[in-house]
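Since the structure is predicted, the reported quantities are computational estimates derived from the model, not experimental observations. Numbers restart at 1 for each chain; the letters A, B, ... are given by sequence-line order, proteins then strands.
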Protein chains: 2
Amino acid sequence: MSFTYEYPRGALTVDCVVFGFDGGELKILLIQRGIAPFKGEWALPGGFVSPDESLDEAALRELEEETGLRNVFLEQLYTFGAVNRDPRERVVSVAYFALVQPDEHTTEAQTDADDARWFQISEIPELAFDHSEILKTGLKRLRGKLRYEPIGFELLPEKFTLPQLQRLYESVLGNELDKRNFRKKVLSFGLLIPLDEKRREGPHRPAQLYRFDPARYEALKNEGFLFEI
Amino acid sequence: MSFTYEYPRGALTVDCVVFGFDGGELKILLIQRGIAPFKGEWALPGGFVSPDESLDEAALRELEEETGLRNVFLEQLYTFGAVNRDPRERVVSVAYFALVQPDEHTTEAQTDADDARWFQISEIPELAFDHSEILKTGLKRLRGKLRYEPIGFELLPEKFTLPQLQRLYESVLGNELDKRNFRKKVLSFGLLIPLDEKRREGPHRPAQLYRFDPARYEALKNEGFLFEI
DNA sequence: TGACTTAGTGTCCAAATTACACTTATAGTT
DNA sequence: AACTATAAGTGTAATTTGGACACTAAGTCA
């Protein structure tokens, strides 16, 4: 493996599977491609990795450039390297997994790019390249992680109610949960701090607001605590 | 993200964290580097991805070229892309995770390369590049997966005993397990087929041999069964 | 045949999980 | 002011699961 013989080199990109949740169905952020190949088709946000930035940095940069999103939960997902996944030439893509909290006031995640759009998970169009496969991988990861790590809070506003949290779990995992058992379990972790506020939003009893306590989660983790819902 | 402007390109490699188990401690396969940089130091087996092969193919090829191993359990682990992880130039490495079954007769995994050596997990030397970090990531993955997926069998010979399996779990997870509870749990899955053979290996009662039933696992998985030890 | 070593087995108690129905607080309507 | 509609919030009993625990069985070797 000497450097005296150099292979012809492929290109390296990052692509992001961005999830959002507005209280209804799980959503994914896509952008409409402005250039060939696949011009006009929908694709995951992403782009080329430049030589002076790490993969994480490239993912954050592309996300901001293409969708305006900042301060998102971001984690590496999987690297896709099939030989012909890009029709132009060899391109390997490091896929990322992002969770976006809805804007404090609109309860919906916002973007400032006009070629970006949120799609309900049940209404995803055909995507460019192998992005449908990447998305599927991301969805599988989300479902897996939601059960074993407290990442659901990354999809909710800072202050949220237990019914909101339960709807998120039901929506992502695709099964109904018993209200009493869900609350009992979630509250038993001691990771939710009840606030002096309630959320009024209809002709019915208002719901207690909570916030997640990340510091306490870190502390518990070091004691061998395992989150599981 | 047009192709009209081309970034200078880095190189792409694969590196493999190869685990083995011989009944004692967990082991890792390393190779001694023959060329600079880090000449003479120990490193993970791996090398450059060529443009006409997928990442998985590259990992399999490098593993065979450098260690002689074939038919191993191989799975992508994580992609390491810090800017200066290689002192020569930008090199991004897709790390793989491999489990090797010991040879049927020697009960120890064999390799035919003389610059390759198995190291006990407790006696790993300093490694070249960022390979210590990659190894740490691999070990974390192994510990995580062992609890939730039936991959322990990939580290044991085709026919194995329950005490062997238990020692593997204890060795990897680092805690002692109750013999009766372990057997009860493992056998309750119905994934182990008892053979008409016992393993005699000392002045004591011989142990029942079993083999893992992968087809049954696939079937159970489709019914929503979750493996967990 | 006796000593030694590891394989193999069952029960009881504690803890966790599940199923399940009514009361409470609010907004809107009359 | 009273009534209606709606979603929030609460406890208990039954079942299942997990964990602790000690002896017998089958072989080898002296």
Side-chain angles (χ1 to χ4, degrees), chain A residues 21-24 107 146-148 152 156-157 159-171 173 175-211 220 223-229, chain B residues 22-24 107 146-148 152 156-157 159-171 173-211 220 223-229:
Chain A
F21 183 71
D22 65 359
T107 74
L146 198 62
R147 305 245 305 100
Y148 300 108
L156 292 176
K159 304 171 181 182
F160 57 87
T161 67
L162 291 184
Q164 275 182 297
L165 185 64
Q166 182 174 349
R167 277 190 288 275
L168 169 61
Y169 271 83
E170 290 178 333
S171 172
L173 300 178
N175 51 358
E176 301 225 325
L177 299 168
D178 181 88
K179 195 186 357 175
R180 281 178 285 196
N181 295 338
F182 180 81
R183 296 170 150 260
K184 205 189 310 177
K185 170 70 82 67
V186 167
L187 291 175
S188 74
F189 299 141
L191 293 172
L192 297 190
I193 300 173
L195 305 174
D196 289 332
E197 267 183 280
K198 295 185 189 289
R199 179 192 214 86
R200 270 178 258 94
E201 55 161 0
H204 54 80
R205 179 172 179 172
Q208 174 68 49
L209 282 163
Y210 293 85
R211 68 176 183 81
L220 285 176
E223 295 165 18
F225 163 79
L226 289 181
F227 182 91
E228 183 182 350
I229 285 188
Chain B
D22 64 0
T107 75
L146 197 63
R147 306 244 305 99
Y148 300 107
L156 292 175
K159 304 170 180 183
F160 57 87
T161 68
L162 290 184
Q164 276 182 296
L165 185 65
Q166 183 174 348
R167 277 190 289 273
L168 169 62
Y169 271 84
E170 291 177 332
S171 172
L173 300 179
N175 52 357
E176 302 224 326
L177 299 169
D178 180 88
K179 196 187 353 176
R180 282 179 284 197
N181 294 338
F182 180 80
R183 297 171 147 261
K184 207 189 309 176
K185 171 70 81 66
V186 166
L187 291 175
S188 74
F189 299 141
L191 292 172
L192 298 190
I193 301 173
L195 305 174
D196 290 333
E197 267 183 281
K198 294 184 190 291
R199 180 191 213 88
R200 271 178 256 96
E201 55 160 2
H204 55 80
R205 179 171 180 171
Q208 174 68 48
L209 282 163
Y210 294 84
R211 68 176 183 81
L220 285 175
E223 294 166 18
F225 163 80
L226 289 180
F227 182 91
E228 183 182 351
I229 284 188

What is the separation between atom [atom1] on [X] and atom [atom2] on [N], rounded to the nearest whole Å?
X	N	atom1	atom2	result
Glu197(A)	dA25(C)	CD	P	19 Å
Glu176(B)	dC21(D)	CD	P	14 Å
Phe160(A)	dA8(D)	CZ	C1'	16 Å
Lys198(B)	dA25(D)	NZ	C1'	11 Å
Arg200(A)	dG28(C)	CZ	P	12 Å
Leu165(A)	dA8(D)	CG	C1'	15 Å

Derivation of the side-chain contact (heavy atoms from CB on, under 4.5 Å) call for Tyr210(A) and Leu156(A)
CA-CA 11 Å; Tyr210(A) 293 85; Leu156(A) 292 176; over 6 Å; no
For nucleotides 1-7 of chain D, give me one character per nucleotide, 5' to 3': B if any protein heavy atom sits under 4.0 Å from the base, S if the only such contacts are to the sugar-phosphate, - if neither.
----BBB
Please confirm whether the backbone N or O of [Y] pairs with a side-chain atom of [X], one donor and one acceptor, at under 3.5 Å?
X	Y	answer
Tyr169(A)	Leu146(A)	yes
Ser188(A)	Lys185(A)	yes
Glu176(A)	Glu170(A)	no
Gln166(B)	Leu177(B)	yes
Gln164(A)	Thr161(A)	yes

Report the distance from atom CG of Leu209(A) to atom CG of Asp196(A), rounding to the nearest 0.5 Å.
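Reported value, rounded in 0.5 Å steps: 10.5 Å.
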Contacts to DNA chain C from residues 177-190 of chain B, heavy-atom cutoff under 4.0 Å, which residues?
Lys179(B), Arg180(B), Arg183(B), Lys184(B)
Taking the six-membered ring for Trp and the single ring otherwise, decide whether the centroids of Phe189(B) and Phe227(B) are under 6.0 Å apart.
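Centroid separation for Phe189(B) and Phe227(B): below 6.0 Å.
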